[in-house]
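Shown next, in structure tokens, is the structure this report addresses.
The chains referred to below are lettered A, B, ... by the order of the sequence lines, with proteins before strands, and numbering in each begins at 1.
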There are 2 protein chains.
Amino acid sequence: MKLTEGVEWAVHCCVVLSQAEGPVSTTRLAEFHGVSRTYLAKHLQQLSRAGLVRSTPGRDGGYELTRPAAEVTLLEIVQAVDGAESAFRCTEIRQRGPLAASKEVCRKACGVAQAMAAAERAWRTSLAGVTVADLAAGVTADVGPATFDRLRGWLADA
Amino acid sequence: MKLTEGVEWAVHCCVVLSQAEGPVSTTRLAEFHGVSRTYLAKHLQQLSRAGLVRSTPGRDGGYELTRPAAEVTLLEIVQAVDGAESAFRCTEIRQRGPLAASKEVCRKACGVAQAMAAAERAWRTSLAGVTVADLAAGVTADVGPATFDRLRGWLADA
DNA sequence: GTAACGTGGATAAGTTCTATCCGCGATACT
DNA sequence: AGTATCGCGGATAGAACTTATCCACGTTAC
Ligand code: SF4
Ligand code: SF4
């Protein structure tokens, strides 16, 4: 069970975007986080395709959130970057071997698949309960409101 | 987010072991499920190391559950095979870039890590609520009690 | 016209997953 | 004793995925 590293990058980007006043470019976001510019671009494009951010092409372009930060959930970010497929994928091994179950019986999901799906639902529900606004508030609580002021100042610099 | 295929194999093996009367060998388990014998052995060894199954070496040896099926949870099997590491691993990117946070501040987990950890706890709690006995009962309910009778018969065959 | 920007495709390197093989010690039957 | 069957661990390929880079293209502001 592993999430890709891009998830972390994307979450940080969304928090930064929630504090920015205008569009922020890939270059700037990568510079700010100290990560690969070209690779981060791929993940931002995934956020864009998922409709979480809006992109402005051309000079002075960049990304901005399409919705208020309080309406963007952690779950959406995770699924945009890491995909929405379930962690457990049935390979139907019950249809193999000498005592294989018939295809008729395998019409519906077995108990194992159901239990796994229920666990993943619990995971998603938990992630869906956290918004970018919550995360930003957490940062303010942890390191004080001056942090985002410095961030906005840095973003305003040419 | 993906679980390894070995998880599914291991779960099936545990259910089979819960219905068997004596030790069942790797060869027999692999034969029954129609999967690679040598690779399945690796996963059974993981279950053994985790203490979920006991192994008897030598001829007529094999594996059997160390505990009643009602006391073996799905979570234990998943963690034995797939590891207990959390899906989200912090790479501390907040300590990078021009406005890097100080190490002092990063002593404790940030809001993102906490939210991810909470979601994974929910996932684990859900998995911990399902036992091998539950899964076996599910099979009986789905395909009838005759299935396990045939299984025991097949296992008894030389 | 030029420089900065997002987009998508192609590509390479690194890592993990899947699978196989071998030698070792243990056990049971002959 | 000898042999066949078994679990255990290490070494080792091959496949699949993740991470990262690069380039050609259309768009926008100065
Ligand atoms: S019985 Fe369940 S775990 Fe096994 S192959 Fe079918 S869906 Fe997957
Ligand atoms: S701020 Fe949170 S998500 Fe970012 S590096 Fe630190 S722990 Fe990870």
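The distance between atom CD of B:Q46 and atom P of D:dG7, rounded to the nearest whole Å, is 15 Å. Rounded to an integer number of Å, the gap from A:Q45 CD to D:dC25 P is 17 Å. Atom CG in B:L17 sits roughly 11 Å away from atom P in D:dG7 (whole-Å rounding). Nucleotide D:dG7 holds its C1' atom 17 Å from the CZ atom of B:R28, rounded to whole Å. Between the CG atom of B:L29 and the P atom of D:dC6 there is a distance of 11 Å, rounded to whole Å. One interatomic measurement links the two molecules: NE2 of A:H33 to C1' of D:dA20, which rounds to 18 Å at whole-angstrom precision. Between B:L47 atom CG and D:dG9 atom P there is a gap of 13 Å when expressed in whole angstrom units.
Side-chain contact check for A:L17 versus A:E64: every heavy-atom pair is 4.5 Å or farther apart. Side-chain contact between A:L74 and A:D134 is absent, with no heavy-atom pair separated by less than 4.5 Å.
Without hydrogens or angle criteria, B:D82 side chain to A:M1 main chain gives a donor-acceptor distance under 3.5 Å.
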Open item on the list: Please determine whether salt bridge (charged side-chain N to carboxylate O under 4.0 Å, His left out) holds for the pair A:E85 and A:R89, giving the CA-CA distance in whole Å, both sets of side-chain angles, and the decisive distance to 0.1 Å.
Closed with: CA-CA 9 Å; A:E85 287 178 79; A:R89 299 194 244 292; 3.6 Å; yes
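Axis angle across the helix from C:dG1-D:dC30 to C:dT30-D:dA1, with five pairs used at each end and values rounded to 10°: 10°.
With sequence neighbours left out, A:E120 forms a side-chain hydrogen bond (donor to acceptor under 3.5 Å, both in side chains) with A:R124. With sequence neighbours left out, the side-chain hydrogen bond (donor to acceptor under 3.5 Å, both in side chains) criterion links A:Q19 to A:R152. In this structure, B:S25 has no side-chain hydrogen bond (donor to acceptor under 3.5 Å, both in side chains) partners at least two apart in sequence or on a different chain. Remark: B:T91 engages A:E8 in a side-chain hydrogen bond (donor to acceptor under 3.5 Å, both in side chains) (not counting sequence neighbours).
For A:S48, counting side-chain heavy atoms from C-beta on, the closest listed nucleotide (D:dG9, C:dT7, D:dC6) is C:dT7. Side-chain proximity of B:T26 to D:dG9, C:dG8, D:dG7: nearest is D:dG7.
No engagement by A:R54 is indicated, since no non-hydrogen atom pair under 4.0 Å with the nucleic acid exists.
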Open item on the list: Each nucleotide in nucleotides 17-30 of chain C should get exactly one letter: B, S or -. Can you fill that in based on protein heavy atoms under 4.0 Å?
Closed with: SBBB-----BBSS-
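B:W154 carries B:R28 over the face of its six-membered ring, with the cationic atom under 6.0 Å from the centre and within 45° of the normal.
Between A:S55 and C:dT7 there is a side-chain polar atom (N or O) within less than 4.0 angstrom of OP1 or OP2.
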